[in-house]
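Every chain is numbered from 1, with letters handed out A, B, ... down the list of sequences.
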There are 4 protein chains.
Amino acid sequence: MSDKKRKMIAVIGSGQPSPEEVKLAEEVGRELARQGAILVCGGLGGVMEAACRGASSEDGVTIGILPGDNPKASNPYVQIPIVTGMGYARNIAVVKSAQAVIAIGGSYGTLSEIAHARQSSIPVIGLNTWSLSRNNQPDNSIILAQNPTEAVDKALNFITPQ
Amino acid sequence: MSDKKRKMIAVIGSGQPSPEEVKLAEEVGRELARQGAILVCGGLGGVMEAACRGASSEDGVTIGILPGDNPKASNPYVQIPIVTGMGYARNIAVVKSAQAVIAIGGSYGTLSEIAHARQSSIPVIGLNTWSLSRNNQPDNSIILAQNPTEAVDKALNFITPQ
Amino acid sequence: MSDKKRKMIAVIGSGQPSPEEVKLAEEVGRELARQGAILVCGGLGGVMEAACRGASSEDGVTIGILPGDNPKASNPYVQIPIVTGMGYARNIAVVKSAQAVIAIGGSYGTLSEIAHARQSSIPVIGLNTWSLSRNNQPDNSIILAQNPTEAVDKALNFITPQ
Amino acid sequence: MSDKKRKMIAVIGSGQPSPEEVKLAEEVGRELARQGAILVCGGLGGVMEAACRGASSEDGVTIGILPGDNPKASNPYVQIPIVTGMGYARNIAVVKSAQAVIAIGGSYGTLSEIAHARQSSIPVIGLNTWSLSRNNQPDNSIILAQNPTEAVDKALNFITPQ
C-alpha cells in the first residue's frame with residue numbers, strides 16, 4: 001500500500017488517565033477523524049477509549065490492537081479489533097502500524113511504545129507525557145505539542161503529502 | 001466491540017498458489033465483500049493478494065497483518081496494513097482477529113494458521129487445503145467446502161446472527 | 001554460537017497426554033540427556049513435564065519457554081525458564097531454538113509447532129503424532145520413529161557432526 | 001521452578017557501546033558469573049557480547065534471546081541461543097526472564113526493555129543509562145549504581161534469599 005494514501009496515527013496512553021488526559025485524548029481522536037486519519041491504538045480503556053470515542057463522534061475509523069484473546073475486551077468505540085494474544089508484544093504492532101504516534105500521559109506501557117516507535121524512527125508527539133535523558137543529556141526526540149490540534153497537525157505533517 | 005456487529009473473516013493460503021487457487025481466492029474475496037464482511041489476511045502476495053483484489057473489486061474492506069517492518073510490503077489491495085515486525089508470530093493475529101477462517105491450498109505457514117485457529121476454537125473452512133489425522137484417526141475439524149460461495153456461506157454462518 | 005557445539009532438541013506434545021505418551025516423553029528426555037543434548041520445551045505440564053523429568057533424572061539441561069508471565073508456572077524439572085508473556089507465539093520460539101523437534105502425541109498446539117518447524121525447515125520426528133496430507137497427497141515430512149531411542153537418534157543425526 | 005533456586009539477571013545495552021560501556025558490561029558479566037547467576041541478554045554484539053564474554057571468562061552460564069531466525073547470529077559467548085524470529089518483541093522475553101535487569105548505556109531498544117521491565121515490576125539497575133521523568137516529575141524507578149560490582153550486588157539483592 002502506498003504511504004501516500006495511508007494515514008494511520010497511533011494514540012497511546014494510560015488505561016487509567018487523569019480527567020485532563022481523557023479530554024486531551026478525546027479531542028485528539030476527534031481531530032484525527034476530521035482530518036481523515038485512521039486511529040490505531042491498543043484497544044482498551046482510558047486514553048485509548050477516549051481517543052476512539054472522539055474519533056467515532058466524527059465518523060472516523062478506529063483500530064484496536066488487543067493484547068488478549070478476546071475481541072470483546074476492546075472498548076465500545078473500536079471498529080476493527082485486531083486480536084493478538086501476545087500481551088505487551090502488541091505494543092510494538094500499535095506503533096509500527098502508524099506513521100506517527102501521539103503520546104498522552106502514560107505509564108511504563110506507554111514508555112515502551114515511545115521507545116519502540118523511536119527505535120523504528122517513527123515520530124512521537126507528546127502531550128503531558130514522558131521526557132527522557134540519556135547519560136545526563138536530554139533526549140529531545142519526543143516532539144512537544146501544547147494542545148490536541150497541534151499534536152494532530154504535527155503528526156500528520158510527517159505523512160508524505162498527497 | 002459486539003461480535004454481533006463485527007464480521008471479520010480471515011483468508012489464508014500460500015504466497016505461491018496454483019492458478020486455480022488464485023481464482024478461488026479472488027472469488028472468496030469478492031463474495032466476502034458482497035456479504036459485508038471485512039477480509040483479514042497476512043497482507044502479502046499469492047492467495048492473500050488474490051483475495052484482497054477480489055474484495056476490493058466489490059468495495060470490500062481489507063486488512064493485512066504483515067510479518068515485517070514495512071507497510072509498503074503489503075499487496076496493493078490491502079487498505080489497512082497492520083505492521084507487526086514479528087515474523088510468523090503474525091500468523092496468530094491473523095486467525096485470532098477473525099470469527100472464521102477460510103483456508104485455500106497452502107503450505108506450512110497455512111498449516112500453522114489452521115492449527116492456531118483450531119487451538120482457539122475458531123472454525124476453519126477448507127478449499128483444497130490440508131487434511132489432518134492424529135494417531136491414525138482422521139481429524140475432521142476442517143470444514144470442507146466445494147466452492148468459494150459455499151466457503152463464505154459456511155464461514156459467515158458461524159457469526160452470531162444479527 | 002557454532003552449530004557444531006550446540007545440541008538443542010525440542011520436545012513437543014500435549015499438556016494432557018495419555019499414560020503411554022507420558023512414558024514415551026520421559027524416555028525421550030532421559031535419552032536426550034544421556035546423549036548430551038539440551039532439551040527445550042514449552043515449560044508446562046504433560047509431555048513437557050515428563051520429558052523434563054526424564055532429562056533431569058539423567059542430569060540433563062532443560063529449558064522451558066513459557067507462554068505466560070510467571071516463571072513459577074513452569075514444571076518443577078525446568079532449570080531455565082524463559083518467560084515470554086506472548087501466549088502461543090512462544091510455540092515459534094520453542095521450535096526455532098531447536099535443531100530438531102520430537103513430537104509426541106499432541107493436539108492443535110503441537111500441530112502449530114510442527115507447522116512452524118517445517119516452515120523453518122527444522123526436521124520433525126514423530127511418535128504417535130499428527131499425520132498430514134495436502135490436497136489429498138500425503139505429506140511425509142514428519143519422520144516416523146518407532147520408539148524413544150530411535151526418535152532421539154534420528155533427531156541428533158540432523159546435527160552437524162562434531 | 002522455585003524462584004529461590006533461580007538466579008537469572010538480564011544485562012541490556014547498546015549494540016554499539018562506548019569503550020567505557022564495554023568495560024562496564026564485561027565486568028558486570030564477570031561478577032554475575034562469580035556470584036552464580038545466569039546471564040540473559042539479547043544475544044547480539046556490543047554490551048551483550050561484552051557481558052557474555054565476561055561471564056564466560058568466569059565459567060558463567062549465558063543465554064541469548066535472539067530477534068532473528070539464525071542461532072549463528074548470536075555472539076560467540078552465548079551458550080544457549082533462544083531463537084524467536086520475532087524481532088524486537090524478543091526484548092520483552094529478555095527482561096521477563098530475569099529477576100532483575102542491569103542496563104548499561106543503551107539506545108531506544110534498551111529504553112524499551114527498561115519500560116517493559118518496569119511494567120512487569122522487575123527491578124532495573126542503571127549504569128550510565130537513561131533517566132526518566134513523567135509530566136515533569138522525575139521517575140526514580142531506575143536504581144542507580146556507581147560501578148559493576150554495586151550493580152550486580154543490587155540486582156542479586158532482589159532475589160529471594162536462599
Taking C-beta and beyond as the side chain, do Met86(D) and Ile92(C) meet within less than 4.5 Å on heavy atoms? yes
Please classify the contact between Ile63(C) and chain D as side chain, backbone, both or neither, with a heavy-atom cut-off of under 4.5 Å. side chain
Which of Asn70(C), Asp69(C), Val95(C), Val40(C) touches chain D most, by non-hydrogen pairs under 4.5 Å: Asp69(C)
Between Pro71(D) and Gln99(C), is there a side-chain heavy-atom distance shorter than 4.5 Å? no
Ignoring hydrogens and geometry, is there a side-chain-to-backbone donor-acceptor pair from Ser97(C) to Val83(D) under 3.5 Å? yes
Can you tell me which portion of Ile82(C) sits under 4.5 Å from chain D's heavy atoms? Options are side chain, backbone, both or neither. both
Identify which part of Ala89(C) has an atom lying under 4.5 Å from any heavy atom of chain D, answering side chain, backbone, both or neither. both
For the CD1 atom of Ile80(D) and the CD1 atom of Ile80(C), what is their distance to the nearest 0.5 Å? 3.5 Å
What do you reckon, is NZ of Lys23(D) surrounded by more than 12 foreign heavy atoms closer than 6.0 Å? no
Chain D shares the most heavy-atom pairs under 4.5 Å, among Ile38(C), Thr84(C), Leu66(C), with Thr84(C)
Under 4.5 Å, counting heavy-atom pairs only, tell me which of Ala98(D), Ala93(D), Ser120(D) racks up the most with chain C. Ala93(D)
Among the listed options Met8(D), Lys96(D), Arg90(D), the residue most often paired with chain C at heavy-atom distances under 4.5 Å: Lys96(D)
Please check if atom CD in Glu58(C) has more than 12 non-hydrogen atoms from other residues, nucleotides or ligands closer than 6.0 Å. yes
